[in-house]
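Have a look at the structure below, then the notes.
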Amino acid sequence: MVHLWVRAESRPNEDRVGLTPEGAAALIGAGIKLTIEQSPHRVLPLADYIAAGAELAPEGSWPSAPRDAIIFGLKELPEDGTPLIHRHIMFGHAYKGQTAGRVLLDRFAAGGGMLYDLEYLVDPGGRRVAAFGYWAGYAGAAVATMALIAQMHGAICEPIAAMPDAARLRAAIAPGLAALSKPPRVIIIGAKGRVGTGATDFCRAMGLEVTPWDMAETAHGGPFPEILDHAIFLNCILAMPGVPVFVPESATTAPRALRVIGDIACDPGSDFSPIKVYDRITDWAAPALRVHDAPPLDVIAIDNLPSLLPRESSQDYAAQLLPSLMTLDRIDQGVWARAKSTFDQHIDTA
């Protein structure tokens, strides 16, 4: 019998979960044993999982789970260096040369475990079967708007916290926007993708003036002076070879209307980052990094933006992922076999 163990998330400001109680009931109905850890932060009620038939385990007890259990979480494991003996489903951030990723792969090598990286669960055409991208874009656009409003009051964006839902997030931002003399202009690069769609939906819901760009508008490779004509730039393009530079280092001192960059893709450590005016991520306590004064230019670069709306992002993601979880009894096939192949390629070179 397949045994899926849903662990509690240990990262601060992480209330999301990749499985809903309804999904739990479906898995149990299909003959999968389900264990769920207690968590003081998980956005969906523990009682609903228990009512669906899941077994309860203490928070953080997954290291002592039966060796054949598949451990399922979203974000990073505690960085304690212990060998990993289980199969894990999670976002590993381990395949793009990240320092922490190499350490994680070493832990799997030491323990004989395996990583099924959620980012690399793909269909036969290479498209991800589940992604949080829409809500990353939505939340990223919201925080960038908050940063611009703060600037208009001579301040920098204050700490952020999770919101109950998107409607209340919009309601919290609306008064600040209404106080501006006119709606800010926003340029979104990658507007046709999942992330860009979420960013566009937020901006249009708030009445902002949106310039949606995608591959056609950036195909010439730059420069892109049009970006500097907008108050907010939202980058929804992942850093990878071939991506042009959208904001060069010289942009800070150039004549510009640009005041806020929301780097939703958020990969400042990559050589291929298209935004060259900053070098580190930001966080919930300090969402904006001021990279220039007079006029100000702030960068938002938070790497867990969907957690700002944990209920909606969890429900959406879990619905996308459930069909793949339902095939865990055939883990040597399909989406899981492709993820294992990716892991095997990288563990051999770690």
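What you are looking at is a predicted structure, and each value in this text was computed from that prediction instead of being measured. For the numbers below, each heavy atom of this structure counts, side chains included, while hydrogens, waters and symmetry mates do not.
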**Request:** Let me see the working for I261 and L297 under side chain to side chain contact (heavy atoms under 4.5 Å, CB included), right down to the final yes or no.
**Result:** CA-CA 8 Å; I261 298 170; L297 181 60; 4.2 Å; yes
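- Counting only residues at least two apart or on different chains, the ring pair (Phe, Tyr, Trp, His ring centres under 6.0 Å) pairs with a member in residues 293-332 are F132-Y317.
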**Request:** Decide yes or no on salt bridge (charged side-chain N to carboxylate O under 4.0 Å, His left out) for K75 and E9, but give the supporting numbers first.
**Result:** CA-CA 7 Å; K75 300 300 285 185; E9 298 293 334; over 6 Å; no
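- Follow the hydrophobic side-chain contacts under 4.5 Å out from L325 and you reach I36 in the same cluster.
- Here the side chain of D117 pairs a donor or acceptor atom with the backbone of G92 at under 3.5 angstrom.
- Under a cut-off of 6.0 angstrom, the local environment of CD in Q38 is crowded, with over 12 non-hydrogen atoms contributed by other residues, nucleotides or ligands.
- Counting heavy atoms from C-beta outward, V186 and F202 have side chains that stay 4.5 Å or more apart.
- Applying the side-chain contact (heavy atoms from CB on, under 4.5 Å) rule to L228 yields the partners A251, A254, R256, L258; only residues at least two apart in sequence or on another chain are considered.
- With sequence neighbours excluded, the residues satisfying side-chain contact (heavy atoms from CB on, under 4.5 Å) with R128 are F91, E119, V122, A131, R194.
- Under the side-chain hydrogen bond (donor to acceptor under 3.5 Å, both in side chains) criterion, S341 pairs with Q345, sequence neighbours left out.
- Atom-to-atom distance recorded for I347:CD1 and L105:CG is 4.5 Å, nearest 0.5 angstrom.
- With a 6.0 Å radius and a threshold of 12 heavy atoms from other residues, nucleotides or ligands, E249 has its CD atom at or below the threshold.
- In the hydrophobic clustering of this structure, Y120 does not group with M240; members are Ile, Leu, Val, Met, Phe, Trp, Tyr whose side-chain heavy atoms approach within less than 4.5 Å, directly or through other members.
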Extract all donor-acceptor atom pairs below 3.5 Å that involve side chains of residues 135-155 and protein atoms in other chains or at least two apart in sequence.
unit_1, atom_1, unit_2, atom_2, d
W135, NE1, D316, OD2, 3.1
Y138, OH, R170, NH1, 2.7
T145, OG1, A141, O, 2.8
Q151, NE2, R259, O, 2.8
Q151, NE2, D298, OD2, 3.1
H153, ND1, I149, O, 2.9

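- Here the rule is side chain to side chain contact (heavy atoms under 4.5 Å, CB included) with I227, and of N235, V247, I275 only V247 fits it.
- H230 pairs by the side-chain hydrogen bond (donor to acceptor under 3.5 Å, both in side chains) definition with R185, T211, not counting sequence neighbours.
- Taking the side chain as every heavy atom from C-beta outward, W336 and L121 approach each other to under 4.5 Å.
- At least one side-chain heavy atom of V6 sits under 4.5 Å from a side-chain heavy atom of L34.
- Here the side chain of D123 pairs a donor or acceptor atom with the backbone of G126 at under 3.5 angstrom.
- Heavy atoms of other residues, nucleotides or ligands lying less than 6.0 angstrom from NZ of K192 number 12 at most.
- When every heavy atom of P287 is checked against every heavy atom of I300, the shortest pair comes out as O-CD1, 3.3 Å.
- Linking Ile, Leu, Val, Met, Phe, Trp and Tyr residues whenever their side-chain heavy atoms come within less than 4.5 Å leaves I302 and I281 in two separate clusters.
- Looking only at side-chain heavy atoms (C-beta outward), P212 and R204 come within less than 4.5 Å of each other.
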Could you tabulate the donor-acceptor pairs under 3.5 Å formed by side-chain atoms of residues 41-55, not counting sequence neighbours?
unit_1, atom_1, unit_2, atom_2, d
R42, NH1, E37, O, 3.0
R42, NH2, E37, O, 2.9
Y49, OH, L19, O, 2.4

**Asked** After noting the C-alpha distance and the side-chain angles of N13 and I160, does the key distance pass the side chain to side chain contact (heavy atoms under 4.5 Å, CB included) rule?
**Response** CA-CA 10 Å; N13 302 311; I160 59 174; over 6 Å; no
**Request:** Go through R16 and S307 one step at a time and tell me if the side chain to side chain donor-acceptor pair (under 3.5 Å) criterion holds.
**Result:** CA-CA 6 Å; R16 292 175 295 168; S307 300; 3.0 Å; yes
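- With hydrogens and angles ignored, the 3.5 Å screen pairs no side-chain donor or acceptor of T327 with any backbone N or O of R330.
- Taking both residues in full, the closest heavy atoms of C203 and V210 are given as CB-CG2, 3.5 Å, listed atom of the first, atom of the second, then distance.
- Looking at residues two or more places apart in sequence or on another chain, you find a ring pair (Phe, Tyr, Trp, His ring centres under 6.0 Å) between F108 and H88, F343.
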**Working for side chain to side chain contact (heavy atoms under 4.5 Å, CB included), residues R107 and T82** = CA-CA 6 Å; R107 294 174 67 188; T82 56; 3.1 Å; yes
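- The minimum heavy-atom distance linking E79 with A100 is given by the pair OE2-CB, 4.1 Å.
- Among all heavy-atom pairs drawn from R7 and L74, the shortest one is NH2-N, 3.9 Å.
- Of the possible donor and acceptor atoms, one in the side chain of S314 sits under 3.5 Å from a partner among the backbone N and O of V17.
- Nearest heavy-atom pair, A161 versus L308, reported as atom, atom and distance to 0.1 Å: O-CD1, 3.1 Å.
- Side chain of S313 to backbone of P306: a donor-acceptor contact under 3.5 angstrom is found.
- Contact of the L328 side chain with the I89 side chain is registered, since non-hydrogen atoms from C-beta on lie closer than 4.5 Å.
- Separation of atoms CG (L180) and CG (L208) is listed at 9.0 Å; rounding is to 0.5 Å.
- Rounding to the nearest 0.5 angstrom, the gap separating the OG1 atom in T282 from the CZ atom in R290 is 13.0 Å.
- For D165, the side-chain hydrogen bond (donor to acceptor under 3.5 Å, both in side chains) partners two or more places apart in sequence, or in a different chain, are R168.
- Distance check: D263 CG to D303 CG gives 11.0 Å after rounding to the nearest 0.5 Å.
- Residues T342 and L115 are not in side-chain contact: their nearest non-hydrogen atoms beyond the backbone lie 4.5 Å or more apart.
- Considering every non-hydrogen atom in both C236 and A199, the closest pair reads SG-CB, 4.3 Å.
- Remark: the H292 side chain and the T253 side chain contain no N/O donor-acceptor pair separated by less than 3.5 Å.
- Note that the CD1 atom of I237 and the CG atom of D267 stand 13.0 Å from one another [nearest 0.5 Å].
- Scanning for side-chain contact (heavy atoms from CB on, under 4.5 Å) contacts around K340 gives M114, Y116, D344, with sequence neighbours left out.
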**Asked** Given the rule in the side chain to side chain contact (heavy atoms under 4.5 Å, CB included) test, do I187 and F224 qualify, once you have shown the distances and angles that lead to the verdict?
**Response** CA-CA 11 Å; I187 185 167; F224 304 101; over 6 Å; no
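- Shown here are the side-chain hydrogen bond (donor to acceptor under 3.5 Å, both in side chains) partners of N304, two or more places apart in sequence or in another chain: W284.
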Could you list the donor-acceptor pairs under 3.5 angstrom formed between side-chain atoms of residues 59-71 and any protein atom two or more places apart in sequence or on another chain?
unit_1, atom_1, unit_2, atom_2, d
S61, OG, P58, O, 2.7
S64, OG, S61, O, 2.9
R67, NH2, G111, O, 3.4

